[in-house]
J.: 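I am attaching a structure below and will ask some questions about it afterwards.
Read the numbers this way: they start at 1 and go in the same order the structure lists the ligands and their atoms.
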Amino acid sequence: MNRYEFLVIGSGPAGQRAAIQAAKLGKKVAIIERKTAIGGVSVHTGTIPSKTLRQAVLYLTGWDQRGLYGQGYRLKKNLTIDDLMQRVHITLQHEIEVMQHQLARNGVNIIEGSASFIDANRLQVESAQGDIQEFYGEKILIAVGTRPIRSPDISFDNETIIDSDGILNLKRIPRSMTIIGAGVIGAEYASIFNTMDIKVTLVDGRATLLDFLDRELVDEFLHHLRDNGTMIRLNEKVAKVEHNDNGQVLTWLESGKCLRSDIVMFAAGRMGCTYSLKLENAGLESDERRRLKVNQNFQTKIPHIYAAGDVIGFPSLASTSMEQGRLAACHAFNHPASSQPGHFPFGVYAVPEMSMVGMTEQELTADKIPYEVGIARLRETARGQIMGLSEGILKILFSLKDRRVLGVHILGEGATELIHIGQATLVLGGTLDYFIENVFNYPTLAEAYKVAALDAWNRMAT
Ligand SMILES: Cc1cc2nc3c(=O)[nH]c(=O)nc-3n(C[C@H](O)[C@H](O)[C@H](O)COP(=O)(O)OP(=O)(O)OC[C@H]3O[C@@H](n4cnc5c(N)ncnc54)[C@H](O)[C@@H]3O)c2cc1C
């Protein structure tokens, strides 16, 4: 039998990072992956393709130049799906090669096939050709990720009625689109497609969206979407989805409204990929969304079986999945490791981008923590002017007790990069004075931190 000290099921961000960490600790490690290419949802249908698509759209539509050259500016007219997908394919191929090298350099074996438990230490792996092998793992990590939930009441045809994976198989750019589900994925795609002048309607049963973000940022984002022509239908439940005689899709809402569009994308949640693992053979069970419960060390109730990444639920990000994988591997092999879960950044790669770290105004108010807010508009910086930015806000929340940074919230160009200045300040216990007393490169968008700090200081001083 093939014996390993660490067997990882799934080659997404959680599995890869865990495998490399264990290999660096000198362990014999293998990753089992059922797809022919490694990388998981992150590389094949999620993070990298959606962010590459976004980048291609911003570039080819000339969106980021319109502040300077006018709303009618387009770098390329009559965009085709091939224009967009070409960039996606190049990026994905490169990303897979980088990962393969990384795993090979660290001596991590890749076993191709679908894994299921025989018992708590033995896994059966069935290849696409039907060959079966058995492996023994002293420690095992389940990092199988999630897949989109499909409502049984909707007849998906993978062309006009799709889930978020289906975006990458589109044959042509639609003229109109209904997106059901205004979570991160729905909101990102709504704004990306909207940027291509596609008529987008975003529907959600909840009254608000992206509740983990600062309310002011979300309000700005909604204003931007509406300003660009996106129709937002909140507090609306979908009754049925069907085709009309012209091949268009009709989305009927329980309120009686009917939304007509070329395609419908269903993005109302994801569920764990544990269905074929035969968890019961290892003494494990999943919840109603097929996810696994773990303790603070990422151990399941069987102590030598760990789980990390999307399969354990919130926050379900590639960034946090990697960190969970690293921590799980360190714990499995008694290697000291720590992390700052309270200071994880959140990035929403919509158009415009949004990112946050630390506490929101809502949380501080609920916890009765006195704070002052400093706000800068990105257009107030010289760099913002040079770039022709018409939107963008950077907001810092400072403690009124000791002037420490409590939270940073950014909407606009570069938000997901800029947030890391705020994160470093927050983690290192920095105060408002850091931003006032230090020189920032000029012209930069980072200068907005200084403007926001001075704004808060003005208010604190009076
Ligand atoms: C559209 C979209 C956009 C996203 N954008 C972002 C973003 O901008 N930033 C961000 O941080 N996150 C983003 N995410 C989330 C991110 O992709 C996930 O958090 C991340 O991929 C989870 O990593 P993971 O390792 O848990 O699982 P996955 O990446 O899902 O990988 C799991 C792997 O396990 C394999 N597997 C499953 N079952 C078995 C089995 N039985 N045997 C063998 N192999 C198996 C699968 O084939 C897969 O390769 C996005 C997700 C989506 C869908």
Side-chain angles (χ1 to χ4, degrees), residues 7-19 30-55 88 95-96 99 110-117 123-128 133 135 140-149 162-168 179 181 183-190 192 265 267 269-279 286 290-292 294 298 306-326 328 344-350 353-355 415-416:
L7 268 182
V8 176
I9 313 173
S11 70
Q16 273 183 52
R17 192 53 66 93
I31 294 181
I32 305 165
E33 172 56 59
R34 67 173 171 206
K35 295 251 166 69
T36 45
I38 59 165
V41 162
S42 176
V43 169
H44 298 284
T45 51
T47 317
I48 306 294
S50 63
K51 266 75 263 184
T52 312
L53 192 66
R54 177 184 186 277
Q55 199 66 37
V88 173
E95 192 64 16
I96 292 167
M99 288 172 174
I110 307 286
I111 301 161
E112 214 177 293
S114 187
S116 57
F117 283 96
L123 290 172
Q124 171 180 300
V125 177
E126 184 173 356
S127 75
Q133 278 181 286
F135 294 87
I140 295 174
L141 173 76
I142 304 173
V144 292
T146 55
R147 64 177 184 183
I149 289 180
I162 58 175
D163 58 30
S164 63
D165 289 356
I167 290 284
L168 301 169
I179 298 180
V184 175
I185 295 173
E188 284 186 354
Y189 275 131
I192 293 170
M265 183 181 92
R270 300 180 65 86
M271 64 198 304
C273 282
T274 51
Y275 51 93
S276 61
L277 282 178
K278 297 195 179 147
L279 291 172
S286 60
R290 294 202 175 129
R291 291 171 305 203
L292 293 166
V294 290
F298 302 98
Y306 291 75
D310 283 12
V311 74
I312 63 168
F314 188 81
S316 296
L317 291 167
S319 52
T320 48
S321 298
M322 290 181 213
E323 182 63 357
Q324 292 165 356
R326 180 182 80 88
F344 284 161
F346 288 91
V348 178
Y349 291 78
E353 262 175 39
M354 289 177 279
S355 195
T416 52

J.: Okay, side chain of R54, backbone of A350: is any donor-acceptor separation there less than 3.5 Å?
T.: yes

J.: Could you list the residues that satisfy side-chain contact (heavy atoms from CB on, under 4.5 Å) with T146, not counting sequence neighbours?
T.: R270, D310

J.: With sequence neighbours left out, what residues match A19 under side-chain contact (heavy atoms from CB on, under 4.5 Å)?
T.: V8, V29, I31, V108

J.: Tell me, do I140 and F135 make a side-chain contact under 4.5 Å, heavy atoms counted?
T.: no

J.: When you check ligand 1 against the protein, what N or O pairs turn up below 3.5 Å? List the atom names and distances, or just say none.
T.:
unit_1   : atom_1 : unit_2 : atom_2 : d
ligand 1 : 5 (N)  : K51    : NZ     : 2.9
ligand 1 : 8 (O)  : K51    : NZ     : 2.8
ligand 1 : 11 (O) : A318   : N      : 2.9
ligand 1 : 11 (O) : S319   : N      : 3.3
ligand 1 : 12 (N) : T47    : OG1    : 3.4
ligand 1 : 12 (N) : A318   : N      : 3.0
ligand 1 : 14 (N) : T47    : OG1    : 3.3
ligand 1 : 17 (O) : T47    : OG1    : 2.9
ligand 1 : 19 (O) : D310   : OD1    : 2.7
ligand 1 : 19 (O) : D310   : OD2    : 3.2
ligand 1 : 19 (O) : S316   : O      : 3.3
ligand 1 : 19 (O) : L317   : N      : 3.3
ligand 1 : 19 (O) : L317   : O      : 3.3
ligand 1 : 19 (O) : A318   : N      : 3.1
ligand 1 : 21 (O) : S42    : N      : 3.2
ligand 1 : 25 (O) : P13    : N      : 3.2
ligand 1 : 25 (O) : A14    : N      : 2.9
ligand 1 : 26 (O) : D310   : N      : 2.9
ligand 1 : 29 (O) : V41    : N      : 3.0
ligand 1 : 41 (N) : A115   : O      : 3.2
ligand 1 : 42 (N) : A115   : N      : 2.9
ligand 1 : 44 (N) : R34    : N      : 3.2
ligand 1 : 47 (O) : E33    : OE2    : 2.6
ligand 1 : 49 (O) : E33    : OE1    : 2.6
ligand 1 : 49 (O) : E33    : OE2    : 3.1

J.: My understanding is that only residues two or more places apart in sequence, or in another chain, count here; which of them pass side-chain contact (heavy atoms from CB on, under 4.5 Å) with E33?
T.: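 Partners of E33 by the side-chain contact (heavy atoms from CB on, under 4.5 Å) criterion, ordered by chain and then number, come out as S11, K35.
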
J.: Kindly compute the distance separating CD (E112) from CD (Q133), expressed to the nearest 0.5 Å.
T.: 11.0 Å

